[in-house]
Structure formats: C-alpha cells, structure tokens
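The next block holds one structure in the form of structure tokens; read it before the comments.
Values reported hereafter were calculated over all heavy atoms of this structure, with side chains retained and with hydrogens, waters and symmetry mates removed. Naming: A, B, ... by sequence-line order, numbering from 1 per chain. Quantities reported herein were computed from a predicted structural model and do not represent experimental measurements.
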Number of protein chains: 2
Amino acid sequence: MEHNGQQVGRPRDSRVDEAITAAVRKLLGEVGYAGLTVAAVAECAGIGKASIYRRYATKHEMIFAAVVHGEVLEVPPDTGSLLGDLTALARVIVGHLSNPAAAGALMSLLGEIAADPTLAERFTTTFVDPERAGNAELLERAVRRGELERLPDIDLFHAMFGGTVLSWLFISHHDPHDLPERLARFVCAALRSAAHQPLPSDRVPAVADERSVAPDGRSRP
Amino acid sequence: MEHNGQQVGRPRDSRVDEAITAAVRKLLGEVGYAGLTVAAVAECAGIGKASIYRRYATKHEMIFAAVVHGEVLEVPPDTGSLLGDLTALARVIVGHLSNPAAAGALMSLLGEIAADPTLAERFTTTFVDPERAGNAELLERAVRRGELERLPDIDLFHAMFGGTVLSWLFISHHDPHDLPERLARFVCAALRSAAHQPLPSDRVPAVADERSVAPDGRSRP
DNA sequence: ATCCTTTCGAGACTGTAGTTTCGAAACTAT
DNA sequence: ATAGTTTCGAAACTACAGTCTCGAAAGGAT
C-alpha cells in the first residue's frame, strides 16, 4: 500500500510538463489563441495528447496554466517615492502585457473566464489576489514613508492600475512607451488628493476562502 | 448594366438582418458567448446559415455587429458638476458592461481583436473613437464650467475610466453597485490635481498638503 | 524477482460546430 | 420573355476538442 502522499505507479515526467508549456507559448506566438490546437501542442512538444489531458481538463486550462504560470507580477523594489514606485509598477505591468504571446491569450482567456466559474476561481486565486496584495504592499510603503496619510481604496486602485494598462493596449491600441510615466503621475495625484477624503463606504469585501484545489487543477482519476 | 447604386439580383430581405441580430442577442442572454452556435442562431431566426455568412465573414463579426450595433455609449447629460458628470458616465459604462450578453461577448471579442487587425479596425472606428470623443466632450464641459484649468490627458482618461470598470467587473469580479461613486470621486480628485501640474516633468513634492478639494458638495444629478 | 499501478507516445474514434456548396427562388435589365 | 445576378434555406463538408485503446516503460510494494 502506498505511503502518505507518495504516489504509486510510474511518476509523471516533469520534462513533459515543461514541454507542454513551452510548446503552448511557442505556438501562441506563432498562430495565436484561436489557431492553437491541442494536436499541434502535442506534436510540437513531442508527446501524446493523453499526456496533456491527464494534466488539464480542457484546452483552456492548458493555455491558462502556460500563460499564467510563474507570471505573477513581482512587486518592484522600493524606489524611495510613491511616484517612482508607481512608475516601476506600471512598467512591470506593461512589460508583461506587451508580451505578444501571453497578451492576446489573456484577453481570450478573460472571455472564457467570464463564462466559466471554475476557471474564474482559479484565475482569481492564482493571479488577481496576489497582484492586489502586491499593490497593497506598495501603497503601504507610501503610508509608512509619510507620503499618504492613510491607505487608499485598494480594490479601486488595483482595478484602475491594471485596467488602464489593459484598456490602453487592447482597446485603444496605443503605444505604451510613455504610459508608465503618464499613468503613474496621474494616479499619484489622485492618491494624494483622495487621501484627504473620507472613503465612500466601509464595506470590507471578504475574500472567500477556497480550500484544496489540486495544484494541477485536475482531480485524480 | 446596373444603375447608380441600384443592386442587381435578388435583394436582401431586411427582415433577415433583424432576425439575426435579435436571435444573437436572445441566445447570448440564454447560453452566453461560449455556448452560442451559428446553427442555433440560424434556427432561432428561422433562416439558413448561408444568410448569416453572406453578411458576416465569421461568427465573431456577427456577434460583434449584434452587440455593438447602436450600443454606442451616449454622453450623459450635463449634471452641473464634473463629479456628477463622471458619476453618470461611470453608471452608463457599468450599465452597458453589466449586461451579461454584451459583457462576455466583449471580452472574447477583444481576444479575437488582438489577433485580427481587420476586426480591430472596425472595433476602433465603431466603438472606441466615438466613446473617446464622448469622454472629451464631458471634460470640455468641465473646462468651460471652470472646474478644470485645462483639458487633461484625454487618451489616458479614456483608457482609465473604461479600463477600470472593465477590470473591476471581469478581472476582480467585484460588485459594481457603488463603483460609479468611488471611481468618479477618485478620478475627479486626480483631474483637479493634475490640472495644475506641468505635464512633462517629474517633480516630487514632499507632503505638500493641498486642501483645495473643498467644493465637493453635489454628488447627484 | 514479480505484481500492481500509473505514465508514456501513438493513433483511432466521436460529436460538435464553423464554413461552404447547391439547387431553387426573387429580382433587374434588356 | 429571357438572361444575368444575387439571395434564400437545406444539406454537405471539414476541422478539431475531447475520449479511448493499445503496447511499452517506470516506478513502488512484497
């Protein structure tokens, strides 16, 4: 009988996992989200389709994992000022969203997410929550530094910062080269002003704690 | 030979056009973007699939036309204050994006647009440009009213306002009920601050407290 | 060493849905 | 009227997601 947590049977080859994500990213850049087929991923990775569906329930989950995996936005280091920090954060976001492979896929993925609560849940815990936490940390630095009197509306700030970049790139299709400076200056001004105003409401959006989703998102057969 | 503008051959039945868009909207509300099939649209409209593909090159174009047609965001009427106008504008955007049918479709559409320059062009002229023009008009009112010293960065404002709502709804999945007030207040503060800053500089004022945000009395139209 | 379980690549199979083809019908021009 | 053109609905075509089976291989357990 099997020991605690130890798997019985042939273990999964981690090289297969890497080959899948590498193939997905490569093909996303070449043929785009709509042109991506599971068969092509398998061939490009030199594996069988079964090895893909053993790991991911659907094609979308496969793409999701390949696009989001490890892409959690790191909090930029302390630059010494709120304006500097915001500029650096905007640069990180722009950098990630300018990657053509992940970029187009992310939008299509958001479409899927809008119609698939399971995927939405995973997306939130994997991507959204950490990113918002990073934003919060950045703002707390400004409070400690004395640049802000109190913590601003984190949820609004988070939606605004990322949402602006998203809209700038994928709706307006503007050149992002000077967006970080413009956005950071604008938001910085808003934060300094808003810090003097009372918050519109005092509801605390409790984050639903979900427990134990398998790391690979696939319940074992 | 054909006369000026007159079409030769059997004319299109305008009832078919109407039936298509009506069927798309009806089905989007029932089954969502991912569950929408061309066959279902054809059956629901009581027509053949060929009549759809004669009008639209792809399924996505069909949905795009059905969703965007006539949905151009109207500029809300003058409420007498910038804050009021911004709140009203945010309510309009939230209202449109909260429509489940259009909402999921828009995100998936943005994914297609990222990979299809033709669709991107149509989307820009049909949807993005008019919306930005509407935003500009609203800000010009504030300048005429004397609330703003000069016209702010229109492109940034446009991306920020719509992008924030987009992110709030489809990335953070938050409740939008009080978003218009929060967003409008925040952006209003930013506009007032940014209006009397030099545009191309990166000055770093310490904690220069400005209490000039007093005239905030009205909040509702 | 020998089972037992699981993963592996490969390929066949199925159902669904986007797209195209086809004969008939509708309309204009001569 | 008749030829030419375009639209119509129905049906055929095609691609692909997703599933399954196969024989082989890689572990762990006894």
Tell me the interatomic distance from [X], atom [atom1], to [N], atom [atom2], rounded to whole angstroms.
X	N	atom1	atom2	answer
A:Glu61	D:dG18	CD	P	10 Å
A:Tyr56	D:dT19	OH	P	16 Å
A:Asp13	C:dT7	CG	C1'	9 Å
A:Arg55	C:dG9	CZ	C1'	12 Å

Any donor and acceptor pair, going by atom type alone, linking the side chain of A:Asp85 with main-chain N or O of A:Thr79 inside 3.5 Å?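 At least one qualifying donor-acceptor pair exists.
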
Ignoring hydrogens and angles, tell me if any N or O in the side chain of B:Arg132 forms a donor-acceptor pair with the backbone of B:Asp155 under 3.5 Å.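 Not at all, since once roles are kept as given, no pair shorter than 3.5 Å links the two residues.
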
For the side chain of B:Lys49 and the base of C:dT19, is some donor closer than 3.5 Å to an acceptor across the two?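 By the distance-only test, yes, there is a pair.
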
Between A:Arg55 and A:Asp17, is there a side-chain N and carboxylate O pair less than 4.0 Å apart?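 Salt bridge between A:Arg55 and A:Asp17, a charged N being under 4.0 Å from a carboxylate O: yes.
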
Would you check, one step at a time, whether the test side-chain contact (heavy atoms from CB on, under 4.5 Å) holds for B:Asp13 with B:Ile47? CA-CA 11 Å; B:Asp13 189 341; B:Ile47 61 170; over 6 Å; no

Output one line per pair: protein atom, nucleotide atom from nucleotides 22-26 of chain C, and distance, for all N/O pairs under 3.5 Å.
{"residue": "C:dA25", "atom": "N3", "partner": "B:Arg10", "partner atom": "NH1", "Å": "3.4"}
{"residue": "C:dA26", "atom": "O4'", "partner": "B:Arg10", "partner atom": "NE", "Å": "3.3"}

Tell me whether the count of non-hydrogen atoms from other residues, nucleotides or ligands lying under 6.0 Å of CD in A:Glu30 goes above 12.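 Yes, CD of A:Glu30 has more than 12 neighbouring heavy atoms, counting only those of other groups under 6.0 Å.
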
So what does B:Leu36 hit on the nucleic acid, given a heavy-atom distance under 4.0 Å: a base, only sugar-phosphate, or nothing?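 If one applies the 4.0 Å heavy-atom cut-off, B:Leu36 turns out to touch the sugar-phosphate alone, with no base involved.
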
N or O in side chain of A:Arg15 less than 4.0 angstrom from C:dG9 OP1/OP2: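 A:Arg15 to C:dG9 OP1/OP2: no side-chain N or O under 4.0 Å.
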
Looking at C:dG9, I'd like to know if its phosphate oxygens (OP1 or OP2) sit under 4.0 Å from a side-chain N or O belonging to A:Ser51.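 Yes.
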
